[in-house]
Q: 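Let me give you the structure first, and then I'll get to my questions.
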Amino acid sequence: MPAEPGSVEGPPTEATVTGLLRRLLTATPPASTDETVFLERQFDLGLAWVQFPVGSGGLGASRSLQAVVRRVLTQAGAPTQDEYLRNALGVGMIAPALVEHGHREQWNRWLRPLFTGAEIWCQLFSEPGAGSDIAALTTRAVREGGEWVVNGQKIWTTAAHRARRGLLLARTDPQAPRHRGLTAFVVDMGAPGVEVRPLRQIDGSAHLNEVFFTDLRVPDADRIGGEGEGWQVALTILMNERVSIGGGVADEGGGAIAEAIELWHRTAVRDDVMRDRLVRLWIQAESARLLNLRAAHNYDTNVPGPEGSIAKLVYAQLKQQVYELCLDLKGPRGMLFGSYNMHHPEDHVPDDFEIQRRYLFARGDSIGGGSSEVMRNILGERVLGLPKEPRPAG
């Protein structure tokens, strides 16, 4: 469906966005409108990603105006693209890559159902021998006429068990240098030749998966960017991923530290040492929150900076330390746990062991989206200008 705001004359302003929001909320009141219908209308009005092109969920406006959309819709109680509840990878990471590296016919096919959650997306990058070093991947895509035949394996794939589509990075030229022989594709996760197997994690949940490709046929029309340009697509996604993993901008004292403060007020296991740990972590959490405010501002105003990578590194360590304190505040009860039986996160029913579960889950925060070691190398070499670590040729 073509977007209605195409008739707006001149560059969209805050007044333009506010007027469209008023139309959206008047025509589709959040309290009485189906979520999917509301999100479809939001997309058609160009309020999905205001910086995207007109007709593709956007207005061709400044990214900074998206903050206006978020604020108004949140205050109105409208459905939002909460990164943990809907289609985080698709909305926050893959959609920007599709717009930057794809073309309009692809936008028309994929962006609307992606935004509304009708089609969940996953990211098919990591492999058993290529985790943080994605350029080492070995999954092959070989061209046969108007199609590509894909064989290989991916691992640590979030939401693959419920995804309709995935953005795949595969090697199309094994003779080229590592970064130049990669190409990006969109794959149908329900197609013959795709097998998804759950990976049971330390707390029993299975939101990560292995994905195996056996003679999967992908139309060339579903290639994103040119042949050999997959690394550029990957960089776009990874930078958005690290901003996302860094976390949204919480209120002062919100997030994980809020749980520690709540435990402090209702536990008998506390002393001056515990108080000192809590206060130190609160200070670190507030510093990280302010860093995230800066990163969000830079992101909204299209000014790239290292804050997203720094926030990702800081929050990984901070969450682990906060939940270690939470376990200590629980005393002997912190050693207890409910069940380690495998389950998908969407099937989980909250119980009395949520702190323990978050403690276990936080261990992966320093691995996913680039390990903390890799993030330190990136910041040291690209931001501070320190000497590069030795790397394999290629």
Side-chain angles (χ1 to χ4, degrees), residues 56 89-90 93-114 118-131 133-199 208-238 392-394:
S56 299
L89 294 173
M93 305 174 209
I94 294 175
L98 292 178
V99 169
E100 183 168 343
H101 302 281
H103 51 77
R104 185 167 291 277
E105 188 275 332
Q106 294 173 332
W107 306 344
N108 291 342
R109 277 196 285 154
W110 295 324
L111 287 178
R112 194 169 189 259
L114 181 157
E119 293 184 353
I120 303 300
W121 285 62
C122 64
Q123 171 188 307
L124 299 159
F125 284 10
S126 296
E127 299 184 0
D133 183 14
I134 293 174
L137 66 82
T138 59
T139 293
R140 285 293 314 278
V142 179
R143 187 156 192 167
E144 290 188 2
E147 294 182 316
W148 295 81
V149 180
V150 178
N151 286 278
Q153 176 189 358
K154 299 294 179 176
I155 199 167
W156 314 125
T157 306
T158 301
H161 60 285
R162 59 190 185 94
R164 174 68 175 82
R165 303 191 188 280
L167 198 145
L168 168 73
L169 201 61
R171 189 166 299 283
T172 51
D173 185 354
Q175 305 304 317
R178 297 194 316 159
H179 295 80
R180 299 177 187 172
L182 307 177
T183 303
F185 304 90
V186 171
V187 300
D188 181 347
M189 295 298 291
V194 179
E195 179 185 1
V196 178
R197 301 179 190 173
L199 286 171
L208 300 175
N209 304 269
E210 294 179 283
V211 182
F212 296 85
F213 302 105
T214 305
D215 294 332
L216 169 68
R217 307 191 79 86
V218 180
D220 186 58
D222 292 349
R223 172 171 43 84
I224 305 300
E227 294 181 37
E229 296 179 359
W231 183 246
Q232 287 72 29
V233 179
L235 286 179
T236 300
I237 291 176
L238 290 175

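Given the structure is predicted, the values throughout are model-derived calculations rather than measurements. Side chains included, hydrogens not; waters and symmetry mates left out as well; all remaining heavy atoms used. Residue numbers run from 1 in the order of the sequence given.
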Q: Using side-chain contact (heavy atoms from CB on, under 4.5 Å) as the criterion, point out the one residue from M189, Q153, H161 that pairs with V211.
A: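 Going through M189, Q153, H161 one by one, the side-chain contact (heavy atoms from CB on, under 4.5 Å) with V211 is satisfied by M189 alone.
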
Q: Roughly how far apart are L89 CG and L114 CG, rounded to 0.5 Å?
A: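 Output value for this atom pair is 10.0 Å.
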
Q: What distance do W110 atom CH2 and I94 atom CD1 have between them, rounded to the nearest 0.5 Å?
A: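 Answer for the CH2-CD1 pair, W110 versus I94, is 11.0 Å.
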
Q: How close do D215 and N151 get, counting heavy atoms only, and between which atoms?
A: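 Reported closest heavy-atom pair: N-OD1, 2.8 Å.
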
Q: Does the side-chain contact (heavy atoms from CB on, under 4.5 Å) test come out yes or no for L137 and K154, once each step is laid out?
A: CA-CA 9 Å; L137 66 82; K154 299 294 179 176; 3.9 Å; yes

Q: Name all residues meeting the ring pair (Phe, Tyr, Trp, His ring centres under 6.0 Å) criterion together with W231; count only those two or more places apart in sequence or in a different chain, and write none if there are none.
A: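 With neighbours one apart ignored, the set is H179.
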
Q: Is a donor on one side and an acceptor on the other found under 3.5 Å between the side chain of R223 and the backbone of G225?
A: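 Yes, R223 side chain to G225 backbone: donor-acceptor pair under 3.5 Å.
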
Q: Which value, rounded to the nearest 0.5 Å, describes the distance between E119 atom CD and D188 atom CG?
A: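 Spacing of CD (E119) from CG (D188) equals 8.5 Å.
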
Q: Nearest 0.5 Å, what's the CG-CG distance between L124 and L167?
A: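 One gets 7.5 Å once the value is rounded to the nearest 0.5 Å.
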
Q: How would you list, by chain and number, every residue that makes a ring pair (Phe, Tyr, Trp, His ring centres under 6.0 Å) with F125, sequence neighbours excluded?
A: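 For F125 there are no ring pair (Phe, Tyr, Trp, His ring centres under 6.0 Å) partners, ignoring immediate neighbours.
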
Q: Give a yes or no on whether the backbone of G145 and the side-chain of R143 come within a donor-acceptor separation of less than 3.5 Å.
A: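 Yes, the answer is positive, given that a donor and an acceptor are paired below the 3.5 Å cut-off.
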
Q: Keeping the roles fixed (side chain from Q175, backbone from G181), state whether a donor-acceptor pair exists under 3.5 Å.
A: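 Side chain of Q175 to backbone of G181, a donor-acceptor pair under 3.5 Å: no, none is there.
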
Q: Atom CZ of F185 and atom CZ of R165: how far apart are they, to the nearest 0.5 Å?
A: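 These two atoms lie 15.5 Å from each other.
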
Q: Are V186 and L98 close enough that some pair of their side-chain heavy atoms sits under 4.5 Å apart?
A: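 With C-beta onward as the side chain, the pair touches.
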
Q: Not counting sequence neighbours, which residues clear side-chain hydrogen bond (donor to acceptor under 3.5 Å, both in side chains) with W121? List them please.
A: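 Checked W121 against side-chain hydrogen bond (donor to acceptor under 3.5 Å, both in side chains); zero matches.
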
Q: Using modelled atom types and a 3.5 Å cut-off, is there a donor and acceptor pairing between side-chain atoms of D220 and backbone atoms of G146?
A: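 Checking the backbone N and O of G146 against the side chain of D220, no donor-acceptor pair under 3.5 Å is found.
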
Q: For residues E127 and T139, is any side-chain donor paired with an opposing acceptor at under 3.5 Å?
A: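 The criterion, which ignores hydrogens and geometry beyond distance, is satisfied for T139 and E127.
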
Q: Please identify each residue that fulfils side-chain hydrogen bond (donor to acceptor under 3.5 Å, both in side chains) with R109, with sequence neighbours left out.
A: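 Residues passing side-chain hydrogen bond (donor to acceptor under 3.5 Å, both in side chains) with R109: E105, D222.
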
Q: So, using ring pair (Phe, Tyr, Trp, His ring centres under 6.0 Å) as the criterion, who are the partners of H101 when residues are at least two apart?
A: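 With neighbours one apart ignored, the set is empty.
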
Q: If you compare all heavy atoms of A97 against all heavy atoms of T236, which two are closest, and at what distance to 0.1 Å?
A: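 Where A97 meets T236 most closely, the heavy atoms are CA-CG2, 3.9 Å.
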
Q: For R171 and A135, indicate whether the former's side chain and the latter's backbone hold a donor-acceptor pair under 3.5 Å.
A: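 Yes: the side chain of R171 pairs with the backbone of A135.
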
Q: With sequence neighbours left out, what residues match T183 under side-chain hydrogen bond (donor to acceptor under 3.5 Å, both in side chains)?
A: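 With sequence neighbours excluded, T183 shows a side-chain hydrogen bond (donor to acceptor under 3.5 Å, both in side chains) to T172, given in chain and number order.
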
Q: For the atom pair CZ (R180) and CG (L182), what is the distance rounded to the nearest 0.5 Å?
A: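 CG of L182 is found 11.5 Å from CZ of R180.
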
Q: Please give me the minimum heavy-atom distance between S56 and L111, naming the atom from each residue.
A: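 Scanning both residues, the minimum pair turns out to be O-CD1, 3.7 Å.
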
